Number of protein chains: 4
Amino acid sequence: MKPEKRRQQILDCAKKLFSTNGYYSTQISDIIREADIARGTVYQYFSNKDDIFITLLEDYYQKWQAMMTDWAEKVPLATISPREYLRERIFINLQFFAQDADLCNILLRMGLGLPGHLDSVSRRFEERILAVTVNDLKLGLHNGHISPKLDLNLAAHLFTGALLQAAYAYFGRNADIQEPVDMERAADQIAGIFAGGIFV
Amino acid sequence: MKPEKRRQQILDCAKKLFSTNGYYSTQISDIIREADIARGTVYQYFSNKDDIFITLLEDYYQKWQAMMTDWAEKVPLATISPREYLRERIFINLQFFAQDADLCNILLRMGLGLPGHLDSVSRRFEERILAVTVNDLKLGLHNGHISPKLDLNLAAHLFTGALLQAAYAYFGRNADIQEPVDMERAADQIAGIFAGGIFV
Amino acid sequence: MKPEKRRQQILDCAKKLFSTNGYYSTQISDIIREADIARGTVYQYFSNKDDIFITLLEDYYQKWQAMMTDWAEKVPLATISPREYLRERIFINLQFFAQDADLCNILLRMGLGLPGHLDSVSRRFEERILAVTVNDLKLGLHNGHISPKLDLNLAAHLFTGALLQAAYAYFGRNADIQEPVDMERAADQIAGIFAGGIFV
Amino acid sequence: MKPEKRRQQILDCAKKLFSTNGYYSTQISDIIREADIARGTVYQYFSNKDDIFITLLEDYYQKWQAMMTDWAEKVPLATISPREYLRERIFINLQFFAQDADLCNILLRMGLGLPGHLDSVSRRFEERILAVTVNDLKLGLHNGHISPKLDLNLAAHLFTGALLQAAYAYFGRNADIQEPVDMERAADQIAGIFAGGIFV
DNA sequence: TATGAATGAGTATTCATTCAT
DNA sequence: GATGAATGAATACTCATTCAT
């Protein structure tokens, strides 16, 4: 089998198991059973268990960043209203998290509370999402769409917390909201709730 | 030493360590060193490590519930406006989480992603907060303060996610927002952001 | 059982096994089987396998040093002839190594050729024996008992190599010389061989 | 590449690595990296890791034996004095060990203390050197050059131990004696030290 | 012959829990 | 109640060796 394929196979199995059972309750034994490979094979592709976990999160982070960059280039900033911009931003993020329930799960629940070096990887993701949001709010303030009285940092936390919670509720394993998601409508709703409180 | 005091001492030390290092990176050895007691003593008061963790979260949950019940009895529902009600609700919750950075940390970060029986304890807390919020929203809908078009469940998730994220950012260990918190102002801001999008 | 006794018990079993099978072929499993204790017990007294090995060698080294210091204080330097001094020195060393075949074995054979941090421990022992010998020779040169033409460093290596080889041949496991050793006679012989070549 | 050359290449790399890091700390991975060949290729030429190690020592032993036989044929036993004979014997051995620091190292340090089947290979070498020496001494005794009071076996051990220690000190890796070796002078010194004690 | 991905038996180490004192 | 020495199941990781290509 091609190395790259084998590597991906391990990542896929690990992803599923980490998402279902958490980091510590997922044993290397579980991964090799799931992937139907030998013990040593895992260590041909990853230096240790941490490495698998970190790789999963890093890859997911890269994808998210690529998605955001891509969107930022396409969005017609000149013609779009702040409210439409907000709505689009919510939408693409929901869309992104909807793609992979397991990674959504790992990122939004699992990563947090892990010891040091693992925790920091998922924390970085969260920090980045926050930073992007703060940036957007600053731009809105500069353009006069946002009241100077708004605490931008707090608002970013609220928005991020709300968005990730929604993503997890919709798309995570054991999702709280089980009905098939109408993401267009969800984005409308979320934008509707925040627009009134954020824009002048 | 009085039994009850010894028990509390163990809980206090465990709380600090769980909050700092997470569940798996906190060993019984760490707890007994911190509490300066013998290994076996822990098992006089708790049946196992899980029991300590669960006790911490359950106690915290009980306190939160008591606080909420207490407040519900005192709040002058007849005279208060929906917006003021929202603002007060935010305020008392911020106040609650502000009391204990360690438990705030454990609840909002650590508990999530732990295997089965531990995860479910912190999940229950979260679910309860959600349920209370959904209830309030239903009441608001019934009283005509909220548009029938609002997705109550989604709104509750957004609100809860935002509130907990803010609580963690303000009060958790390694809090993102370091300045001394003016909770009155924070409650105003949060209420301000959500009021516009939620109330008709 | 008293901790110190248990610790010694582990050292004794490990000594025997290391001496018989070498460092790498001695498993922790072998040690606990031999000592009839549980797996974890080893790690209550030693941080790892290396630690046991190093402790054995360090203790042996300490004993040797104490023996040498002790002897140096007692030997009547003023009245003894160089040749008698040499003979005594050989004798006490033979006597020392005769006490413990296993440690003799570990030091003189096993330690050599182990990776880095383990090797250095036994190397230190060897270096010390050499240094003591060089010192003695220098003293002899200063007092006019030794020809200035003698290469002191080389002579020390020859003497040390010969002495340790003899010790190992007499006392090591699988000793080459099996008859019960008459150490007095052996010391006479060794002194006899070296005296002629070393003293003027 | 010619098969024989490939085989030699593996032996050369293994020799260097064994000498530097010891038997257990030298991995097959290290050897193939050093030799820049594929994993499986090693097993085309050697049946396993032991085989490489044993081959190195056996080859070295063969060379030594050839050298000794060669010398025995050339040495003018009829005209040479016992002391000159001793001196020559020391010289050719020093010369032999000087040729290859790595093999000198492996033989004199590494081999010892390895488990069973590996240990015995290097032990055989040592035993052979001893046997040759005992033989020589017996001949000397028979010819009246050596006192009947000398313990031949012990003397052989002393001489061999001294000689090998000197060889290692001069030629082994991390040699204790760093100056460029004047082997003629060294042989004179060693012969000088032993002659007085051995010959009548 | 040469390759290198795959193998899996082997091993040190951890750590929650027990129980005799 | 309190102690802490002893326990042993559990687990990550290693590395010589194989074999299909």
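Computed from a predicted structure; not experimentally measured. All values below were derived from every heavy atom in this structure, side-chain atoms included, with hydrogens, water molecules and symmetry-related copies excluded. In what follows, chains are A, B, ... by sequence order, proteins preceding strands, each numbered from 1.
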Quiz question: going by heavy-atom distance under 3.5 Å, is there a donor-acceptor pair between the base of dA5(F) and the side chain of Gln44(C)? no
Quick one: Asp51(D) CG to dA16(F) P, roughly how many Å, whole number? 14 Å
Go through Lys15(B) and Glu34(B) one step at a time and tell me if the salt bridge (Lys or Arg N to Asp or Glu O under 4.0 Å) criterion holds. CA-CA 11 Å; Lys15(B) 181 175 72 179; Glu34(B) 185 80 19; over 6 Å; no
Protein-nucleotide distance (Asn48(D), atom CG; dT18(F), atom P), rounded to Å: 8 Å
Phosphate OP1/OP2 of dA5(F): any Tyr45(C) side-chain N/O under 4.0 Å: no
Donor-acceptor pair, distance only, cut-off 3.5 Å: does the side chain of Asp51(D) make one with the backbone of Phe46(D)? no
State, yes or no, whether a side-chain contact exists between Ile52(A) and Phe18(A) at a heavy-atom distance under 4.5 Å. yes
Sub-3.5 Å donor-acceptor pair from the side chain of Lys49(B) to the main-chain atoms of Gln27(B), do we have one? no
Pairs under 3.5 Å (Watson-Crick or G-U), crossing ones as [ ], inter-strand ones as |: DNA chain E comes out as .||||||||||||||||||||
Atom-to-atom span, CD1 of Ile10(D) to C1' of dA16(F) - whole angstrom: 15 Å
Lys5(D) NZ - dT1(E) P separation (whole Å): 16 Å
By nearest heavy atom, map Val42(C) and Thr26(A) onto DNA chain F; which one lands nearer the 5' end? Val42(C)
For the residue pair Tyr24(A) and Tyr24(B), is the inter-centroid distance of their aromatic rings smaller than 6.0 Å? yes
From CZ of Arg7(C) over to C1' of dA6(F), roughly how many Å is that when rounded to an integer? 17 Å
Residue pair Asp102(C) / Lys16(C): nearest heavy atoms and the distance that separates them: OD2-CA, 3.9 Å
Rounded to the nearest 0.5 Å, what's the gap from CG on Asp30(A) to SG on Cys13(A)? Could you check? 11.0 Å
Residues in contact with DNA chain E, drawn from residues 27-34 of chain C - heavy-atom cutoff 4.0 Å: Gln27(C), Ile28(C)
Rounded to the nearest 0.5 Å, the CD1 atom of Ile28(B) sits from the CG atom of Leu17(B) at a distance of 10.5 Å
Distance check needed: dA6(F) P versus Phe46(C) CZ, whole Å only. 12 Å
Return the nearest nucleotide to the side chain of Lys49(C); candidates are dT17(F), dT7(F), dA12(E). dA12(E)
Atom-to-atom span, OH of Tyr43(D) to C1' of dA6(E) - whole angstrom: 14 Å
If you assign each of Asp50(D) and Asp36(C) to its closest nucleotide in DNA chain F, which residue comes earlier from the 5' end? Asp36(C)
When rounded to the nearest 0.5 Å, the distance separating CG of Asp59(B) from CG of Leu103(B) is 8.5 Å
Quick one: on DNA chain E, does Tyr24(C) or Gly40(A) contact a more 5' nucleotide (nearest heavy atom)? Gly40(A)
Quiz item: Arg39(C) side-chain donor-acceptor pair to dT13(E) base, under 3.5 Å: yes
Arg6(D) has an atom CZ; how far is it from atom C1' of dT3(E), in whole Å? 11 Å
Given the options Leu57(A), Thr55(A), Asp50(A), Phe53(A) meets side chain to side chain contact (heavy atoms under 4.5 Å, CB included) only with Leu57(A)
